Structure formats: structure tokens, C-alpha cells
Amino acid sequence: MIKITLPDGSIKECAKLSTPMDVAKSISEGFARNVISAKFNDTIVETSTELNQDGSLVLYTWNDDLGKKAFWHSSAHILAQAILYLYPNAKLTIGPAIEKGFYYDVDFGEESISDNDFKKIEDKMLEFARQKFEFKLRSVSKADALSYYKGRNNEFKVELIENLTDGDITFCDHADFTDLCRGGHIPNTGIVKAIKLMSIAGAYWRGDEKNKQLTRVYGISFPKQKNLKEYLELLEEAKKRDHRKLGKELELFAFSRKVGQGLPLWLPKGTALRERLENFLKKAQKKAGYEMVMTPHIGQKELYVTSGHYEKYGADSFQPIHTPKEDEEFLLKPMNCPHHCEIYNVKPYSYKDLPIRFAEFGTVYRYEQSGELHGLTRVRGFTQDDAHIFCTPDQVDQEFKNVIDLSLYVLKTLGFENYTAQVSVRDLDNPDKYIGTVENWEKAEQAIINAAEDKGLDYVIKSGEAAFYGPKLDFMIKDALGRNWQLGTIQVDYTLPERFELTYKGSDNQLHRPIMIHRAPFGSMERFIAILLEHTGGNFPLWLTPEQVILLPISEKYKNYTEKVLELLENHEIRGLIDDRNEKTGKKIRDAEVKKIPFMLIIGQQEEDGDVISVRRHGGEDLGKMTVEDFSSLIKNKINSTLQQYKFN
RNA sequence: GCCGGUGUAGCUCAGAGGUAGAGCGUUUCCUUGGUAAGGAAGAGGUCACGGGUUCAAUUCCCGUCAUUGGCUCCA
């Protein structure tokens with residue numbers, strides 16, 4: 001007998017060579033039917049793996065991330081099987097599960113496939129799935145593995161196997177199909193009920209552009225047809241909320257090929273919305289002791305040589321601008337920090353002056369590769385809600401925590417309730433990627449982790465994700481469709497103060513180095529607004545939305561009264577407009593709905609007679625008749641309750 | 001930057017080797033209306049740009065640009 005410890009702490013006595021599926025069945029038949037993967041002593045195993053020692057066992061269903069992983073990984077095998085059946089000369093390479101589905105990279109040789117071929121591949125996959133082939137993992141010797149793939153002229157798998165150690169190599173079989181695989185499969189192919197191939201893309205072997213380009217086929221699969229339907233509906237919804245589409249429809253921003261790719265143009269409505277966001281943050285920052293500064297869009301190349309940006313990114317940036325007479329070199333600023341360091345250097349500071357907090361909505365320019373540009377989320381010119389805090393070593397902790405408070409206040413007020421923090425630290429195997437001393441890096445990393453702990457943040461540590469000058473904490477938010485986005489960032493930096501020789505005089509009458517904290521709660525205005533658009537589907541909070549109210553006179557007879565109402569609203573700083581087109585009310589309401597205007601005021605004979613307005617909310621709710629005063633209070637109260645929902649300072 | 005898709009009216013999109021269409025929007029007229037589309041008429045396009053093939057190219061081919069899905073990269 002062996003002792004199997006389950007996640008709830010209970011211990012099952014099982015016969016030796018019981019499988020995870022046997023254990024599941026001993027819990028309940030119903031549960032066992034849903035079990036699709038298992039982990040034994042921290043190793044993913046097959047549900048049919050025979051357990052021959054005591055240990056802890058976790059059983060996974062579709063509802064677990066690792067269950068989905070096994071499911072999608074197994075689906076990739078089915079995809080490979082179908083591809084090999086339909087294209088016998090194709091060479092398989094790798095086919096992992098990804099966050100949403102799976103892919104397989106295939107070398108189709110002379111042949112090429114397109115999404116027109118998806119249907120027949122899907123059909124073949126479903127045909128294989130229905131036959132409930134069992135996935136069977138078996139060990140093979142390195143020599144056998146190599147000869148198997150050499151016989152099939154698959155140099156990719158041969159390369160993979162050559163990097164594996166003999167004794168650790170397993171093949172997975174189902175039906176007559178064999179693939180090199182370390183395991184983690186669902187019991188049989190029949191569990192996969194719904195399959196959809198999503199897209200096709202080029203991908204380099206091992207991600208290196210010097211290598212051969214392969215065809216990557218993306219797909220997703222589910223245990224029920226219904227899941228697939230829901231997933232496709234979610235994609236549809238995401239498409240409807242695409243900020244590029246909404247930004248165009250709501251006239252917020254645009255691009256022009258004459259201006260240049262990746263250089264957004266803010267239209268009047270978008271600009272007004274952005275200013276409201278900026279003012280909101282300015283107000284909070286003022287409370288938190290920040291001072292606004294402004295710096296130019298270019299700076300001498302030397303500035304960035306000093307900061308280290310030039311050495312690190314110069315070659316892949318917009319190239320220097322030369323002055324015509326003196327041949328001086330200037331760079332478009334890729335970051336605001338060097339400029340802020342120079343503002344700090346304008347005068348000497350005492351420890352009593354610190355912390356100093358300089359904030360700027362600073363527009364920066366970065367050369368992003370053309371293929372990487374995407375709407376407002378990836379652009380070449382954007383505005384950071386940047387600030388730099390210069391403080392003493394014993395202030396870092398508190399300042400960092402204050403920034404966390406500010407960031408959370410901003411996120412929550414804007415309706416992002418689901419967030420986690422990501423602490424990005426050095427990649428210890430690649431010290432050349434970073435500037436600064438090991439000692440300072442350690443101090444900075446520890447300061448961030450301490451602050452995250454103290455604030456009770458839900459955080460994960462990512463090694464190798466740090467900026468080149470220091471570690472950082474990023475807020476990852478989950479939007480209304482469950483998608484994750486990286487928003488604000490906070491970074492501790494011991495390096496730039498050294499490079500710019502920043503000092504302050506301590507109580508010991510000696511000069512000391514301040515420590516810098518870089519932070520941007522929104523990240524960039526462009527990116528934040530894009531994400532807010534997708535999160536809200538264009539239904540912005542009332543305080544932000546371009547038009548809060550639209551006035552719909554029933555006919556032109558009520559023009560004067562309608563104009564009077566608008567004037568009253570404007571006196572209350574409510575943003576409204578009149579739809580005085582020669583259209584019926586039904587049409588005007590429909591158009592206002594499409595434009596997502598939160599309130600519609602219907603104005604006709606009854607309203608004019610009673611000196612009131614009829615209020616309809618976006619979505620159709622009828623709030624009845626009320627005076628303009630009452631309506632103004634209603635709006636103001638709604639805005640205040642949103643803005644004061646979370647306290648800051 | 002690399003690989004694939006796309007580029008037709010302000011917007012969304014049909015179309016085909018023989019010189020271009022729809023809906024929405026816009027303009028004018030009729031209509032003066034009550035909670036998600038009233039009616040009529042009109043304007044609007046070097047079919048992204050540059051080459052090539054052809055009697056004929058917006059359509060086929062090549063290149064450029066933009067855009068899009070990936071890859072790589074990301075201060």
C-alpha cells in the first residue's frame with residue numbers, strides 16, 4: 001500500500017501502482033469523470049501513471065488552469081495528428097498550450113496552408129477526437145528517439161532530442177500517431193468536444209529570426225460545444241469594444257499617414273477627456289505633495305549618454321537631430337527622467353527639503369518596430385503621467401507606499417477593481433543587461449518587496465523583467481472581459497542619481513545621494529485611455545464622458561426653451577448638446593443611444609408648459625419629468641459619488 | 001525589422017479582366033413629430049501609390065506605403 005496525500009490534507013491508502021484516476025474514482029465516480037490531469041509530488045503526470053511511492057497528489061479538472069493546460073496541450077497533439085494525416089510531408093516542431101488555447105509550429109515545406117484549410121483540419125481533428133484514442137506516454141532511449149525522427153527527416157525534433165538527456169525522453173502515442181512529449185495529457189481524445197482553429201502566423205524555429213520560418217497554427221478547444229460558443233461570443237464582444245473602433249466612432253483620436261505611423265492625433269473630444277483624466281490626477285498629486293514641471297521634447301544627446309539610455313537603446317531609437325550650423329546632436333526624449341534630474345540639479349538641497357516630487361505629463365518618443373504598433377496601446381509618441389521622487393534612503397519605503405496608495409486610488413476610482421502587482425527584478429544570469437551596483441539592486445528590490453508586503457498587495461515576482469536601471473512594481477489589471485493589462489508602474493532607481501551626480505546635504509553636513517522613484521499611475525495617457533475604452537465599452541464614467549447630456553427637442557417649436565435649458569445646464573458645468581436636426585424623436589433617441597450619451601432630455605410642449613424636462617437614461621430607463629435644478633443635482637451627486645467612492649489622503 | 005492577410009465613397013462593406021455598387025452619414029426639399037431608424041431627390045470614388053502583363057487592369061503580377069494577425073523587440 002502507498003499513502004497518497006490530497007490537497008485538503010486527507011490521506012488515502014491505495015494499492016501500489018494505483019493511478020491518479022484510480023484515486024479520483026475512490027473519491028467519487030462523478031469527480032473522476034471530470035478529472036483530466038494530475039500532479040504528483042510537484043510533477044505533472046498522466047492520469048494513468050502508476051504511482052509507486054507515497055506522495056501528494058493534486059487532481060485537475062477543466063476548471064483548473066493546469067487542467068486546461070493539459071487539455072490544450074493534448075489538443076495540440078490532435079492538431080498535429082490531423083496535420084500529418086492531411087499533409088504527410090509536414091514536419092512537426094513544437095506545440096504547446098498557451099493562455100487561451102494552443103498552437104503547433106509546422107514546417108509545411110513546399111506546401112502552404114491558409115485559413116481556408118481550417119475547416120478540413122478541424123473536421124479531421126474532431127473525427128480523431130471522437131474515436132477516444134487514449135494518450136499513452138512511454139519512455140524511449142535517446143538513440144531510438146533520434147532514429148525515429150531521423151527516419152522521418154525531421155531535423156527539428158532531432159535537434160530537440162539532442163538537447164535532452166537519455167533516460168528522460170518520452171514519446172506520447174495516441175492511435176497511430178507519435179510525438180515527442182514530456183507528458184501531461186488528458187486521458188483520451190474523446191474529452192475534446194469542440195475545436196476551432198483561430199489563426200495562422202509565421203514563427204521562427206526557436207524564436208530566432210536567423211532560423212527557418214515555420215507556420216504556426218493557433219487553435220482552441222473545449223470540453224463542451226457551449227464553451228466554444230461562449231468563447232467566440234467573448235471574442236465578438238472584445239471586437240465590439242476594440243478601442244480603435246470605438247475611438248473612431250466616438251471621435252476621440254485618429255491617425256494620419258501623413259503625420260506618421262504610431263503618432264496619434266487627439267481629436268477635440270478625446271483631448272477634453274484626456275484633460276479631465278489629467279486634472280483628476282493632478283488634483284490627487286497636489287494633495288500628495290507633487291509639484292508640476294515642464295520640460296522640452298528634445299535634449300542633447302549627451303544627456304542620454306549620461307543617463308545610460310543612449311548606450312542601451314541609442315541604436316534602436318529615432319536617430320539624433322543635428323543642428324545645421326554647430327552640428328550639435330539632439331535626441332527626441334525617450335524618457336523624462338534625465339530632464340527631471342537636471343531640474344533637481346538647479347539648486348542644492350538639504351535633507352530637510354526631501355522628498356522632492358516632480359510631476360509632468362511628459363510626451364516621449366520611442367522608435368517601436370513597425371510591426372509592433374497597435375492602436376493607442378503601442379505608439380511612437382505618447383504622454384506619460386510621469387513623476388520622479390527624490391528622497392533619502394530612509395524615506396524610500398514610505399514614499400513607495402504612498403505611490404502604491406495613489407496608484408490604487410486612481411485605478412479603483414476609474415473602475416479597475418481587479419488588479420495584481422508584478423514585482424520585476426533582475427535576471428541574475430544576465431548581469432550585463434543592467435547598470436548600477438549589485439548592492440544597490442539588492443536594496444531596491446528589497447524595498448519594493450517590503451512595500452508590497454506592507455500594503456498587503458497580491459503580488460508575483462518576475463525575474464528578468466526589471467528595467468535596465470532598476471527593479472519595478474507594475475499593476476496588472478483585469479478588465480471587464482477578463483483580459484489582463486499592464487498599467488501603472490513604480491520603479492526604484494539608485495543609478496540615475498549617481499550618473500547625474502545628484503546630491504543633498506545631510507544632517508552630518510556631508511553630501512549624500514538621493515534615491516529616485518519613477519512612477520506613472522496611468523502608465524501612458526494613450527494606453528490608459530485605450531484600456532479604459534475597452535473596459536467600459538465606450539460607456540465612460542459620467543465625469544469623464546465627452547457629452548453628458550443630449551437635449552432632444554420634439555420639434556423646432558421648442559428651440560428657445562431647449563436653448564434655455566442648455567444654458568442652465570452649462571451654468572452647472574454640465575456638458576450638453578442639442579440635437580436640433582429635422583428628425584423624429586425616435587430617431588434622435590436611437591442616435592443618442594448609439595453615441596452612448598448617458599442622459600437624454602426630451603423637450604416638448606408638456607415640458608415647456610411645466611418648466612421641466614423629461615429624462616431618459618442611456619439604455620432606456622425613463623426617469624420622468626423633473627426641473628433642470630433637480631436634474632443638475634442628480635448629475636452632480638452621481639459624479640461626486642464616483643469620485644469620492646475611494647478616499648485619498 | 002520578419003512572415004501572412006487586408007487596402008473600393010466620410011464610415012461599414014459588396015463586386016468583377018471591358019472603366020463601380022449598397023447601407024449609414026452628408027446636402028436640399030416635404031414632413032413638425034413624444035422614448036432605438038418618417039419620406040423624396042442629389043452630391044460624393046485616379047477602386048492606397050508606382051511599375052509590369054494585356055487590345056483593355058480598379059481586378060492578374062511585382063514593388064512601395066499604410067493597416068491588420070503573429071514572430072522578434074520593448075526605457
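Basis for what follows: all heavy atoms, side chains included, without hydrogens, waters or symmetry-related copies. Naming: A, B, ... by sequence-line order, numbering from 1 per chain. Quantities reported herein were computed from a predicted structural model and do not represent experimental measurements.
One C1' atom belongs to B/G7, the other to B/A48, and the distance between them is 6 Å to the nearest Å. Comparing the C1' positions of B/U46 and B/G38 gives an interatomic distance of 38 Å, to the nearest angstrom. The P atoms of B/A56 and B/C13 are separated by 34 Å, rounded to the nearest whole Å. Between B/U27 and B/U19, the distance separating the two C1' atoms is 28 Å to the nearest Å. Taking atom C1' in both B/G21 and B/U54, one finds a spacing of 26 Å when rounded to whole Å. Atom P of B/U12 sits at a distance of 15 Å from the matching atom of B/G69, rounded to the whole Å. Going from the P atom of B/A14 to that of B/G4 covers 23 Å, rounded to whole Å. The separation of B/G10 from B/G5, taken at their P atoms, amounts to 27 Å, rounded to a whole angstrom.
Taking atom CZ on A/F108 and atom P on B/G4, their separation rounds to 15 Å, with Å as the unit. A/D474 places its CG atom 10 Å from the P atom of B/A75, with the value rounded to the nearest Å. Between the CD1 atom of A/I589 and the P atom of B/A36 there is a distance of 6 Å, rounded to whole Å. Going from atom CG of A/D622 over to atom P of B/A36 covers 10 Å, rounded to whole Å. Rounded to whole angstrom, the span from the CD atom of A/Q606 across to the P atom of B/G34 amounts to 11 Å. Taking atom CG of A/L552 as the reference point, atom P of B/G34 lies 13 Å away to the nearest angstrom. Taking atom NZ of residue A/K472 and atom C1' of nucleotide B/A75, one finds them 9 Å apart after rounding to whole Å. Summarising the geometry, the separation between NZ on A/K258 and C1' on B/A66 is reported as 13 Å, rounded to the nearest angstrom.
Between A/F528 and A/F522, the ring planes lie tilted relative to each other; the angle falls in the 30° to 60° range. Using cut-offs of 30° and 60° on the angle between ring planes, the pair A/H339 and A/Y304 is tilted. Relative ring orientation between A/F318 and A/Y367 is described as perpendicular, the plane-to-plane angle rising above 60° on a 0-90° scale split at 30° and 60°.
Ionic pairing of A/R616 and A/E593 is present here: one or more N-O contacts between side-chain nitrogen and carboxylate oxygen are shorter than 4.0 angstrom. At a threshold of 4.0 Å, the pair A/K333-A/E360 counts as salt-bridged, since one of the basic side-chain nitrogens sits closer than that to a carboxylate oxygen. Remark: A/D479 does not engage A/R241 in a salt bridge, criterion side-chain N to carboxylate O under 4.0 Å.
No contact: A/E465 has no heavy atom under 4.0 Å from any strand. Backbone-only contact: A/K248 has heavy atoms under 4.0 Å from sugar-phosphate atoms and none from a base. Using a 4.0 Å heavy-atom cutoff across all strands shown, A/T215 reaches no nucleic acid atom at all. Using a 4.0 Å heavy-atom cutoff across all strands shown, A/Q605 reaches at least one base atom of the nucleic acid.
Take the nearest nucleotide of RNA chain B for A/E593 and for A/Q384: the residue whose nucleotide is more 5' is A/E593. Annotation: of the two residues near RNA chain B, A/Q491 and A/S614, the 5′-most nearest-nucleotide partner is A/S614.
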Inset, instruction - Please lay out, stage by stage, how A/K239 and A/D242 fare under the test side chain to side chain contact (heavy atoms under 4.5 Å, CB included). - result: CA-CA 5 Å; A/K239 220 168 151 185; A/D242 188 318; 5.6 Å; no
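Considering only residues two or more places apart in sequence or on other chains, A/H518 meets the side chain to side chain donor-acceptor pair (under 3.5 Å) condition with A/H388, A/D493.
Near RNA chain B, defined here as any heavy-atom distance below 4.0 Å, the residues from residues 303-313 of chain A are A/H309, A/Y313, listed numerically.
Taking a pair as Watson-Crick or G-U wobble with both distances under 3.5 Å, the runs of three or more consecutive pairs in RNA chain B are B:1-7 with B:65-71, B:10-13 with B:21-24, B:26-30 with B:38-42, B:48-52 with B:60-64.
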Side-chain donor-acceptor distances from residues 549-558 of chain A under 3.5 Å, at least two apart:
from	atom 1	to	atom 2	distance (Å)
A/S555	OG	A/K557	N	3.2
A/Y558	OH	A/Q605	OE1	3.2

Pull out every protein N or O sitting under 3.5 Å from an N or O of nucleotides 69-72 of chain B, one pair per line with the distance.
from	atom 1	to	atom 2	distance (Å)
B/G69	OP1	A/R244	NH1	3.3
B/G69	OP1	A/R244	NH2	3.2
B/G69	OP2	A/H374	ND1	3.3
B/G70	O3'	A/Y218	OH	2.9
B/G70	O2'	A/Y218	OH	3.4
B/C71	OP1	A/Y218	OH	3.4
B/C71	O4'	A/G202	O	3.4
B/U72	O2	A/Q369	NE2	3.1
B/U72	O4	A/E372	OE1	2.3

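Checked against a 6.0 Å centroid threshold, the rings of A/Y313 and A/F468 count as neighbours.
Among the nucleotides B/G7, B/U35, B/A75, the one closest to any side-chain atom of A/P334 is B/A75.
Using a 4.5 Å heavy-atom threshold, the side chains of A/K269 and A/L267 count as separate.
Across all their heavy atoms, A/Y469 and A/W441 have their closest contact at C-CZ2, 3.8 Å. Residues A/Y218 and A/A201 approach most closely at CE1-CB, 4.1 Å, considering heavy atoms. Nearest heavy atoms, A/G247 versus A/F253: CA-CE2, 3.5 Å.
In this model, a side-chain donor or acceptor of A/R590 finds a partner on the base of B/A37 within 3.5 Å. Within 3.5 Å, no donor on the side chain of A/S370 pairs with an acceptor on the base of B/A66, nor the reverse.
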Inset, instruction - Scan nucleotides 22-33 of chain B nucleotide by nucleotide, 5' to 3', and note B when protein non-hydrogen atoms come under 4.0 Å of the base, S if they reach only the sugar-phosphate, - if neither. - result: ---S----BBBB
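When each of A/V423, A/T489, A/V425 is checked for a side-chain contact (heavy atoms from CB on, under 4.5 Å) with A/K472, only A/T489 meets the rule.
With 3.5 Å as the limit, one finds no donor-acceptor pair spanning the side chains of A/E534 and A/W485.
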